[in-house]
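A note on names: the letters A, B, ... follow the listed sequences, proteins ahead of strands, and every chain is numbered from 1. Everything numeric here is computed off the predicted structure, so don't read it as measured data.
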Number of protein chains: 2
Amino acid sequence: MNPAVPLDRVFHALADPARRAMLERLTRGPASVSELAEPLAMSLPGVVQHLAVLEQSGLVTSRKAGRVRTCQIAAGALQPAEQWINERRIAWERRLDRLGDYLAGETQMEGNER
Amino acid sequence: MNPAVPLDRVFHALADPARRAMLERLTRGPASVSELAEPLAMSLPGVVQHLAVLEQSGLVTSRKAGRVRTCQIAAGALQPAEQWINERRIAWERRLDRLGDYLAGETQMEGNER
DNA sequence: CTTTCACTTAATTATTTGCTTAAGTATACC
DNA sequence: GGTATACTTAAGCAAATAATTAAGTGAAAG
């Protein structure tokens with residue numbers, strides 16, 4: 001249930017807009033490092049560092065052919081992150097559901113657990 | 001479509017195990033700062049700092065009554081994050097689908113788009 | 001063989017994190 | 001009033017991030 005997937009790294013990788021932009025580009029197909037860098041108002045080494053974060057998180061893989069490194073998204077790598085979020089969302093939606101108009105009420109919360 | 005929700009902050013908030021633990025605790029109901037801190041092998045000010053990150057991300061809200069601050073998860077705050085992930089996952093699963101046994105093949109990738 | 005191209009590596013730098021301890025504030029209790 | 005409780009604020013600090021420029025490597029093109 002808790003695989004050797006570093007959830008920390010995945011969420012950290014997703015927390016940067018440049019890295020999310022790179023992922024979005026890669027959902028439209030494989031790309032070279034230069035192609036990933038092009039829209040990014042950033043030096044190439046900067047992009048390479050972001051790419052390293054993405055690879056260490058398992059979200060992206062790359063292979064070098066000749067002098068071009070081609071990057072791809074890794075299938076299924078987002079699943080643990082999505083699952084974590086989904087589980088929590090469901091849990092607390094259910095809870096908020098049970099509480100009914102708790103939020104609308106006067107919330108005297110002296111009697112909850114512990 | 002792109003609300004004033006700082007996706008950066010949400011993913012960043014989720015990238016720390018202590019903060020995720022606090023969120024998991026809060027899915028079981030509201031808690032005071034001390035209750036959040038208890039299982040956390042960390043000083044109270046440390047916990048307060050993590051709490052600040054969670055509040056700034058919009059994932060948690062808190063109100064102070066007397067000398068006790070009670071924390072709650074914010075309904076729906078995770079939705080944009082989940083949605084972002086979901087959209088990408090779907091997009092690239094569809095893509096991998098179209099590619100068929102691309103991954104199993106010899107992958108001569110000189111003819112892709114652009 | 002030389003130059004160009006596509007990275008790659010290294011070294012720097014400023015900022016942000018994630019923690020700590022110490023001291024302060026504001027209730028609640030006796 | 002005095003004291004304990006539940007944070008709160010402040011200050012400091014080591015490590016990690018996010019970026020840069022400059023120099024290096026190795027395949028491709030002329």
Can you measure B/Glu38 atom CD to D/dA6 atom C1' for me and round it to whole angstrom units?
15 Å
Rounded off to whole Å, could you give me the CZ-to-C1' distance for the B/Phe11 and C/dT16 pair?
20 Å
For B/Gln79, does the CD atom sit with more than 12 other heavy atoms under 6.0 Å from it, leaving out its own atoms?
no
Whole angstrom value for the distance that separates P of D/dA6 from CG of B/Leu51
16 Å
In this structure, how many angstroms lie between the C1' atom of C/dT16 and the CZ atom of B/Arg9, rounded?
12 Å
Is the distance from OP1 or OP2 of D/dA6 to the nearest side-chain N or O of B/Ser32 less than 4.0 Å?
no
Do the non-hydrogen side-chain atoms of B/Leu78 and B/Leu14 ever get within less than 4.5 Å of each other?
yes
Just how far, in rounded Å, is P of C/dC7 from CG of A/Leu40?
14 Å
Closer than 3.5 angstrom, by distance alone: can the side chain of A/Glu35 be matched with the main-chain N or O of A/Ser32 as a donor-acceptor pair?
yes
Reading nucleotides 17-23 of chain C from 5' to 3' and marking B where a protein heavy atom lies under 4.0 Å of the base, S where only the sugar-phosphate is that close, and - otherwise, the string is -SBBBB-
Sequence neighbours excluded, the answer for salt bridge (charged side-chain N to carboxylate O under 4.0 Å, His left out) partners of B/Arg20 is A/Asp8
B/Arg9 meets the side chain to side chain contact (heavy atoms under 4.5 Å, CB included) criterion, sequence neighbours left out, with B/Pro6, B/Gln56, B/Ser57
N or O in side chain of B/Lys64 less than 4.0 angstrom from C/dT27 OP1/OP2:
no
Using whole Å, what does the distance between atom P of nucleotide D/dC7 and atom CD of B/Glu55 come to?
13 Å
Going 5' to 3' along nucleotides 23-30 of chain D, which nucleotides have protein heavy atoms under 4.0 Å from the base (write B), which only from the sugar-phosphate (write S), and which from neither (write -)?
---BBS--
Tell me, with the steps shown, if B/Thr27 and B/Leu23 meet side chain to side chain contact (heavy atoms under 4.5 Å, CB included).
CA-CA 6 Å; B/Thr27 58; B/Leu23 285 173; 5.6 Å; no
Please state how far atom CG in B/Leu36 lies from atom C1' in D/dC7, giving the value in whole angstrom units.
13 Å
Can you find a side chain N or O atom of B/Ser34 that sits less than 4.0 Å from OP1 or OP2 on D/dC7?
yes
Residues two or more places apart in sequence or in another chain: which of them pass side chain to side chain contact (heavy atoms under 4.5 Å, CB included) with A/Glu24?
B/Trp84, B/Arg88
Specify the closest pair of heavy atoms between B/Pro80 and B/Ala77, including all atoms of both residues, with the distance to one decimal.
CD-O, 3.4 Å
Provide the full list of side-chain hydrogen bond (donor to acceptor under 3.5 Å, both in side chains) pairs with a residue in residues 39-53 of chain A, sequence neighbours left out, each pair given once.
A/Arg19-A/His50
